[in-house]
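Okay, so here's the structure we're looking at.
Here the structure is a predicted model, which is why all the values come from computation and not from measurement.
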Amino acid sequence: QLQFVESGGGSVQPGGSLRLSCAASGFTLDKYTIGWFRQAPGKGREGVSCISDGDGSRYYRDSVKGRFTISRDNAKNTVYLEMNNLKPEDTAVYSCAAAGFTTVQAMCIMLMGNYWGQGTQVTVSS
């Protein structure tokens, strides 16, 4: 069975940090572009950050640049999203996805994905 399992979400105060993990089972991530997406209450899904399968190129949406870092460990079949200096507007359900034969820009901007995780809640509040 192909699936993603996200973990690492939680509640933090503004300025805090979290590290999200996305572990795949049933398939290997090394041939896929992987992305992190989020959806806040009452809003549409948006691409947060994507990382390629080949040259390691990365895409970040403007609002998270300098604060979030995406990385992947193919040996562990896991992708990570390190989130620092969190803001209340980062509050959302964060999901990961895998897409084949695409660029990081296309995946994140066009919300592309062949496989999706269920998501993990991130809440930033004082």
**Prompt:** Any sub-3.5 Å donor-acceptor pair from Glu6's side-chain atoms to Gln118's backbone N or O?
**Reply:** yes
**Asked** If every non-hydrogen atom of Phe4 is compared with every non-hydrogen atom of Cys22, which pair is closest and at what distance?
**Response** CD2-SG, 3.1 Å
**Asked** Can you check whether Cys96 reaches Val79 side chain to side chain, under 4.5 Å on heavy atoms?
**Response** no
**Nearest non-hydrogen partners of Gly113 and Ala97, listed with the distance** = CA-CB, 4.3 Å
**Request:** Please report the C-alpha distance between Phe37 and Trp116 in whole Å, then the side-chain angles of each, then the deciding distance to 0.1 Å, and finally whether the ring pair (Phe, Tyr, Trp, His ring centres under 6.0 Å) criterion is met.
**Result:** CA-CA 10 Å; Phe37 300 82; Trp116 289 85; 4.9 Å; yes
**Complete:** Closest heavy-atom pair, Ser21 versus Trp36, reported as atoms and distance to 0.1 Å, is O-CH2, 3.6 Å
**Prompt:** Is Arg19 close to Tyr80 at the side-chain level, that is, under 4.5 Å between some pair of heavy atoms?
**Reply:** yes
**Request:** Answer yes when Lys65 and Asp62 have at least one side-chain N-carboxylate O distance shorter than 4.0 Å, and no when they do not.
**Result:** yes
**Item:** Gap between atom OG of Ser7 and atom OH of Tyr94 - 0.5 Å precision
**Value:** 15.0 Å
**Asked** Backbone N or O of Val104 within a donor-acceptor pair of the Arg58 side chain at under 3.5 Å?
**Response** no
**Request:** Flag the pair Glu46 / Arg38 as yes when at least one side-chain heavy-atom distance between them is below 4.5 Å, and no otherwise.
**Result:** yes
**Asked** Any chance CD of Gln105 has more than 12 other-residue heavy atoms, nucleotides or ligands included, within less than 6.0 Å?
**Response** yes
**Asked** Could you state the interatomic distance from CD1 (Ile34) to SG (Cys50), rounded to the nearest 0.5 Å?
**Response** 9.0 Å
**Prompt:** Is the closest side-chain heavy-atom distance between Leu20 and Met83 below 4.5 Å?
**Reply:** yes
**Request:** Please identify each residue that fulfils side chain to side chain contact (heavy atoms under 4.5 Å, CB included) with Thr69, with sequence neighbours left out.
**Result:** Tyr60, Glu82
**Prompt:** Do the non-hydrogen side-chain atoms of Asn77 and Thr28 ever get within less than 4.5 Å of each other?
**Reply:** yes
**Message:** Tell me the closest heavy-atom pair linking Gly119 and Ser95, and the distance in Å.
**Reply:** CA-OG, 3.5 Å
**Request:** Quick one: list whatever passes side chain to side chain contact (heavy atoms under 4.5 Å, CB included) with Thr102, sequence neighbours left out.
**Result:** Thr33, Ala99, Ala106, Met107, Met112
**Request:** Report yes if the side chains of Ile109 and Tyr59 come closer than 4.5 Å at any heavy-atom pair, otherwise no.
**Result:** yes
**Item:** Residues forming a ring pair (Phe, Tyr, Trp, His ring centres under 6.0 Å) with Tyr115, sequence neighbours excluded
**Value:** Phe27, Tyr32
**Message:** Given 3.5 Å as the limit, does a donor-acceptor pair link the side chain of Asp90 with the main chain of Val122, or not?
**Reply:** no
**Prompt:** Looking only at heavy atoms, what is the nearest atom pair of Val64 and Val48, with distance?
**Reply:** CG2-O, 3.8 Å
**Fill in**
To the nearest 0.5 Å, atom CG of Leu29 lies from atom OG1 of Thr78 at 7.0 Å
**Fill in**
In short, Val93 meets Gln121 closest at the heavy-atom pair CG2-OE1, 3.2 Å
**Within-4.5 Å side-chain heavy-atom neighbours: Ser11 and Ser125** = no
